[in-house]
Number of protein chains: 2
Amino acid sequence: MERRPITTVDVVLLTLHASHLAVALSVRTSEPFKGRLALPGGYVHVEHDHDALQAARRVLEEKTGVAAPYLEQLFTFAGASRDPRGWSVSIAYYALVPLSALKSAEAGAISFVAVDEIGQLPFDHSQIVAAAVQRVRDKSAYSSLPCYLLPGRFTLAELQATYEQVIGEKLDKSSFRRKLAALDFVEPVRGEVRSGAHRPAQLYRARRPKGLVVFDKTM
Amino acid sequence: MERRPITTVDVVLLTLHASHLAVALSVRTSEPFKGRLALPGGYVHVEHDHDALQAARRVLEEKTGVAAPYLEQLFTFAGASRDPRGWSVSIAYYALVPLSALKSAEAGAISFVAVDEIGQLPFDHSQIVAAAVQRVRDKSAYSSLPCYLLPGRFTLAELQATYEQVIGEKLDKSSFRRKLAALDFVEPVRGEVRSGAHRPAQLYRARRPKGLVVFDKTM
DNA sequence: GTAATAGTGTCTCTCAGACAGTATGTC
DNA sequence: GACATACTGTCTGAGAGACACTATTAC
């Protein structure tokens, strides 16, 4: 029989924290790198996990208490030198959640670090985070992905700010709304508005049956 | 110690064969599914492979004799029920090569099957092929990926035909060339032309330093 | 009234699609 | 000359960017 590599699942949980894209890190409870901040992750449990996606969901749930609405496989990092225990395979996933879904977890063992301020992480986790951020930035330019960073109801101004934050450039309000109307993946919620010090704004929600919508052009 | 899953690498080698996108399959020489056509693949060799990409290159080289110019990780298929031997991880890669690079291998144990005519393959290999084809079609619409399906020199008509074949729709010649000129990832080879029964066509090649070029818009 | 944010209208310029036209080879 | 393929020019309509305008609230 072949010698088999270690197989783990790691999750890059991203959210908008103080208007910046941030990643959730947890303190490692076992060696190697015990006590250090790292991506939530764990072994694949051959006896209990049916497949890799389910293992990722389990790990995310165990470590952060969150059932992420968006969870997608990112990349598999595998090699001899990424883990001191030897040849290892990490099937990496990334998840997007609104910050509001994490308020309870924040009290726990989870820390949020802005993606631009991450130092060195154990293993190749810095690389994994960089790959996830890259993917989210790229994909957000031509899909409805940023919706998953917002709570159930949001104004168009908030949606636009989220896009701008994630893809890193200013967008024209008029063009943005024209495209939204054409793409039709958000809908107004009749009767609900956000009141502030000024003119109230119509609240919108993501259209349910659509899921992730991918465009031809960019935002 | 955790029970560890089996870890393998599988490669979807794609090429243009008789104007159709085709996948290279090889006959399995060991159980399970011995004697059946399946994707070239093999165990990760913990002692010799430094990482997963290198394992994929080795497998491709061993089974097809080809050093593919384009080789990229596709997706990792992992679960309890995809392999009769038990919980397994397949890190799937896809490669693109010009048919001319495969002429020697064709005599060997490799068969080409048009991607639209693939029946049931062992394991979840049908799914893996489908994912690779999907990826190539999508990515070809907004990148120079199809160049890797052509030999070193090609005419613009051949390049256009390749794009049309892969993405599955007719393109306007004038628009196509305008975009090519703007994107600037191919260059004419001075003095080289393809002569036929009629007006000879200028030969082009992919610009060396560029590698894969990704566009904002689609072809 | 003013300030501030929400939301709409419109002008212009770019560019992709469509298609016709010219160029250059074989026979 | 005819014919086939290579290559280029031009017209037009759709749409994106830019920016100004109107709307509705609090004070």
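Owing to the predicted nature of the structure, the values given are computational and were not obtained by experimental measurement.
The distance from atom CG of A:L183 to atom P of D:dG15 is 12 Å, rounded to the nearest whole Å. In this structure, CG of B:L180 is placed 14 Å from C1' of D:dT8, rounded to the nearest angstrom. To the nearest angstrom, C1' of D:dC7 lies 15 Å from CG of B:L203. Spacing between atom CD of A:E164 and atom P of D:dG17 amounts to 12 Å, rounded to whole angstrom units. Distance, A:K170 NZ to D:dA16 C1': 19 Å, rounded to whole Å. We find that CE of A:M219 is positioned 15 Å from P of D:dG15, with the value rounded to whole Å. Note: NE2 (A:H198) to C1' (D:dT22) measures 17 Å, nearest angstrom. At whole-Å resolution of the value, CZ in A:F176 and C1' in D:dA18 are 17 Å apart.
Across D:dT8, D:dT25, C:dT24, the shortest atom-to-atom separation from the side chain of B:R177 is found for D:dT8. Closest to the B:K173 side chain, of the nucleotides C:dA6, D:dC19, D:dA6, is D:dA6.
Using the six-membered ring where Trp is involved, B:F215 and B:F185 have ring planes that are parallel, under 30° apart on the 30 and 60° scheme.
In this structure a side-chain-to-backbone donor-acceptor pair under 3.5 Å is missing from A:H125 to A:A38.
Among the protein residues, B:S174 comes within range of the nucleic acid bases, having at least one heavy atom under 4.0 Å from a base atom. At the heavy-atom level, B:S195 lies nowhere under 4.0 Å from the strands shown.
B:R178 contributes a side-chain N or O that forms a donor-acceptor pair with the base of C:dG17 under 3.5 Å.
Between the side chains of A:D10 and A:S90, a donor-acceptor pair is found at a separation under 3.5 Å.
Not one side-chain nitrogen or oxygen of B:R199 sits closer than 4.0 Å to the OP1 or OP2 atom of D:dA4. At least one side-chain nitrogen or oxygen of B:S175 sits closer than 4.0 Å to the OP1 or OP2 atom of C:dG17. Note on B:K179: a side-chain N or O is less than 4.0 Å away from OP1 or OP2 of C:dG17.
Mapping A:D172 and A:A197 onto DNA chain C by nearest heavy atom places A:A197 at the nucleotide closer to the 5' end. Where B:Q202 and B:K217 each meet DNA chain D at their nearest nucleotide, the meeting point lying more 5' is that of B:Q202.
Of all the heavy atoms in A:S143 and A:Y163, the pair that sits closest is O-OH, 2.7 Å.
Put simply, CZ on B:R36 and CG on B:L121 are 7.5 Å apart, with the number rounded to the nearest 0.5 Å.
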